[in-house]
Amino acid sequence: MRVNVIGMGYIGLPTALMMASHGVNVVGTDYNKNLVDELQKNGKVFEEKGLSELFSAAVKAGIRFSTEYQKADIYIVSVPTPYLKKSRKIDPKYVVAACKSVLEICDDGAILVVESTISPGTIDHCVRPLIGGKKIRLAHAPERIIPGNMLHELVHNPRTIGADDKETAETVRSLYASFCEAEIVLTDIRTAEMSKVVENTYRDINIAFANELAKICHEAGMDVYEVIRIANRHPRVNILNPGPGVGGHCISVDPWFLVGDFPNLTPLIHSARNVNDSMPEYVYNRICEIMAEKQISSFSRVGLYGLTYKENVDDTRESPTLQLLELLEQKHLDSAPVVYDPFVNKDMVPNQVHDLHEFLSKTDLFVLMVGHSEITNRPELLSEKTVLDTRNVFSLEGIYKL
Ligand code: SAJ
């Protein structure tokens with residue numbers, strides 16, 4: 001079986017590598033020539049546990065990379081699906097462009113699997129009409145892996161495959177079963193699209209509930225973490241953790257697909273998004289309260305630790321720290337906070353430093369935005385500092401929480 005994976009990003013690359021290292025004949029295609037060159041030359045991958053080793057195994061097994069689409073039996077489209085800020089609907093332009101290119105080259109009988117997260121109905125509305133007279137079969141196989149534990153989850157998470165008929169679904173299942181050891185559920189395409197978006201929306205709403213509780217408990221002078229810890233002892237309660245906001249390209253984006261398509265039916269989903277989007281401003285307010293209490297007069301003595309959207313990854317997309325910095329910029333403060341992230345080597349924002357000790361020396365108020373293990377393993381470095389821990393990772397005396 002020949003497979004062409006389109007889009008060598010956070011999902012497409014590990015998926016292609018995983019298939020190749022399990023004996024599938026795979027070519028990874030990306031329109032970004034620099035990325036393809038880098039993959040071919042030095043195997044440059046993003047930061048993810050075990051990915052470099054998997055890359056070597058896949059190269060050994062014969063994976064190839066190209067900017068060209070290939071003749072294949074199965075195409076897997078794994079390209080970004082942004083949402084349109086104004087209408088809050090999905091912007092399917094990358095999916096549509098990739099599918100068009102597949103249709104130009106593929107033979108009759110090929111299967112086109114969309115793996116990108118899409119809003120329910122996207123395949124019917126945007127992909128099916130492109131097919132014309134071609135005898136191509138469609139499927140949707142949404143991914144579920146979590147950055148930070150991607151490779152383990154690729155193998156061990158159950159998956160969903162939506163297809164128009166049983167034979168197509170079974171063929172796609174056998175491809176994913178080459179590396180996935182968990183249950184693979186077969187369904188129709190629209191149900192697969194909907195269930196994926198629902199999974200991420202569920203998590204967004206649960207986090208929003210935790211964030212709202214954090215605000216209530218702060219106002220009431222109570223410890224939200226203790227409240228949640230106790231509530232979660234109930235066998236049917238499982239509240240997630242409050243934090244400085246929700247980032248990443250999934251949970252902060254997918255719920256908008258439902259709000260965009262069903263604006264009159266989604267007050268809960270919409271509010272949850274708003275609650276999570278309000279958290280950077282809440283952190284700003286907490287910083288101001290603490291600065292007043294500790295007589296820290298300038299933001300230049302405030303240090304934001306962490307630029308990524310969560311711990312121990314290098315992905316900064318939609319990160320709460322970037323949202324907070326944007327907010328600070330709008331406020332035209334006299335000075336900007338110092339920023340540091342051990343996973344971000346390039347200069348992204350003003351006042352960014354690249355050395356932990358330099359960062360600490362410039363900081364009176366240490367704001368932990370991301371719980372990278374670099375710092376959670378060394379809490380003693382903060383013993384003399386004023387600390388705002390937005391992730392509840394430290395149990396130091398006298399530190400501030402959300
Ligand atoms: N966060 C909290 N509190 C929590 C958990 C997360 O504030 O209790 C924050 C994180 O810090 C981060 C954001 O939420 O900023 C999202 O992080 P995440 O770890 O919850 O999820 P993602 O975006 O890395 O991955 C999600 C996962 N979906 C679900 O768990 C339902 C993953 O399985 C999906 O594959 C992925 O979205 C995706 O690509 O759709």
Side-chain angles (χ1 to χ4, degrees), residues 7 9-15 46-49 78-83 90 115-119 140-154 156-160 180 182 192-215 224-225 228-229 232 238-257 272-273 275-280 282-283 305-324 341 343 368-372 376 389-393 401-402:
Y10 283 100
I11 302 300
L13 178 63
T15 304
F46 55 90
E47 199 74 41
E48 177 67 36
K49 194 171 48 192
S78 193
V79 294
T81 42
Y83 75 95
I90 189 177
E115 193 164 316
S116 310
T117 304
I118 45 184
S119 60
H140 181 43
E143 55 82 18
R144 278 177 168 163
I145 54 180
I146 199 136
N149 199 25
M150 282 182 155
L151 304 189
H152 177 87
E153 292 207 351
L154 263 176
H156 298 287
N157 280 0
R159 304 192 65 108
T160 317
C180 174
E193 290 172 323
M194 180 63 102
S195 54
K196 164 68 199 196
V197 173
V198 162
E199 289 159 18
N200 280 353
T201 303
Y202 167 79
R203 194 159 168 87
D204 198 43
I205 292 172
N206 194 333
I207 298 168
F209 180 53
N211 283 333
E212 195 155 286
L213 291 178
K215 293 179 181 176
V224 68
Y225 303 103
I228 291 177
R229 194 179 67 79
N232 281 351
N238 185 16
I239 307 167
L240 289 167
N241 300 309
V246 168
H249 190 63
C250 312
I251 299 207
S252 65
V253 173
D254 297 356
W256 287 126
F257 296 164
R273 271 287 70 240
V275 170
N276 288 336
D277 278 350
S278 75
M279 291 313 287
Y282 179 75
V283 172
Y305 180 93
L307 259 173
T308 61
Y309 83 94
K310 66 176 186 182
E311 67 284 358
N312 302 325
V313 301
D314 64 0
D315 187 345
T316 57
R317 288 178 297 175
E318 326 281 336
S319 91
T321 309
L322 290 176
Q323 293 176 42
L324 174 58
D341 191 308
F343 284 85
L368 181 116
M369 296 293 288
V370 186
H372 292 309
T376 58
D389 173 6
T390 70
R391 301 275 186 176
N392 192 33
V393 291
K401 303 257 165 139
L402 276 181

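We use all heavy atoms of the structure for the numbers below, so side chains are in, but hydrogens, waters and symmetry mates are not. One is the number of the first residue; the rest follow in order along the sequence. Being a predicted model, the structure only gives us computed values, none of them experimental. Whatever order the structure lists them in is the order used to number ligands and atoms, beginning at 1.
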(request) Look at atom 23 (O) of ligand 1 and find which of Val198, Thr308, Ile251 reaches it with the closest heavy atom. (result) Ile251
(message) With a 4.5 Å cut-off on side-chain heavy atoms, are Phe46 and Pro147 touching?
(response) no
(message) Less than 4.5 Å apart, side chain to side chain, heavy atoms only: is that true for Pro14 and Leu151?
(response) yes
(message) For ligand 1 and Arg144, I'd like to know whether there is a polar contact (N/O to N/O, distance under 3.5 Å).
(response) yes
(message) Looking at ligand 1, would Arg391 count as a contact under a 4.0 Å heavy-atom criterion?
(response) yes
(message) Could you check whether any side-chain heavy atom of Glu143 comes within less than 4.5 Å of a side-chain heavy atom of Lys196, counting everything from C-beta outward?
(response) yes
(request) Compare all side-chain heavy atoms of Leu402 with those of Val224 and state whether any distance is below 4.5 angstrom. (result) no
(request) Would you mind running through ligand 1 and noting each atom that sits below 4.0 Å from a heavy atom of Ile207? (result) 1 (N), 2 (C), 3 (N), 4 (C), 5 (C), 6 (C), 7 (O), 14 (O)
(message) What I'd like to find out is whether the side chain of Glu47 reaches to under 4.5 Å of the side chain of Val313, using heavy atoms alone.
(response) no
(request) Looking only at protein heavy atoms, identify the closest one to atom 39 (O) of ligand 1 and say how far it is in Å. (result) Glu143 OE2, 2.4 Å
(request) Please say whether Lys310 places an N or O atom under 3.5 Å from an N or O atom belonging to ligand 1. (result) yes
(message) Test your reading of the structure: does Gly247 have an N or O sitting under 3.5 Å from an N or O of ligand 1?
(response) yes
(message) Return the closest protein heavy atom for atom 5 (C) of ligand 1 as residue, atom name and distance.
(response) Arg203 NH2, 3.5 Å
(request) Determine, using heavy atoms of Cys250 and all atoms of ligand 1, whether some pair is separated by less than 4.0 Å. (result) yes
(request) Assess whether atom OH of Tyr202 is packed by more than 12 heavy atoms of other residues, nucleotides or ligands within 6.0 Å. (result) no
(message) Is the shortest side-chain heavy-atom distance between Ile145 and Ile11 below 4.5 Å?
(response) yes
(request) Can you sort out which atoms of ligand 1 are near Val246, meaning under 4.0 Å from one of its heavy atoms? (result) 13 (C), 14 (O), 15 (O)
(message) Could you identify the single nearest non-hydrogen protein atom to atom 15 (O) of ligand 1 and state the distance to 0.1 Å?
(response) Tyr309 O, 2.7 Å
(request) May I ask you to decide if the ring planes of Tyr305 and His372 are parallel, tilted or perpendicular, using 30° and 60° as cut-offs? (result) perpendicular
(request) Would you check if Pro158 and Arg144 make a side-chain contact, meaning some heavy-atom pair closer than 4.5 Å? (result) yes
(request) Considering the heavy atoms of Pro147, write down every atom of ligand 1 situated less than 4.0 Å from one of them. (result) 24 (O)
(request) For the residue pair Tyr83 and Ser252, establish whether any side-chain heavy-atom pair is separated by less than 4.5 Å. (result) no
(request) Apply side-chain contact (heavy atoms from CB on, under 4.5 Å) to Arg391 and Asn241, showing your working. (result) CA-CA 8 Å; Arg391 301 275 186 176; Asn241 300 309; over 6 Å; no
(message) Using a 3.5 Å cut-off on N or O atoms only, is Ile145 in polar contact with ligand 1?
(response) yes
(request) Taking only heavy atoms of Glu199 into account, list the atoms of ligand 1 that are under 4.0 Å away from them. (result) 31 (C)
(request) Under 4.0 Å from a heavy atom of Asn200: give me the atoms of ligand 1 that qualify, with their elements. (result) 26 (C), 27 (C), 28 (N), 29 (C), 31 (C), 37 (O), 38 (C), 40 (O)
(request) Work out whether the distance between some heavy atom of Lys196 and some atom of ligand 1 is less than 4.0 Å. (result) yes
(message) Are any of the N/O atoms on Asn241, whether in the backbone or the side chain, positioned under 3.5 angstrom from an N/O atom of ligand 1?
(response) yes
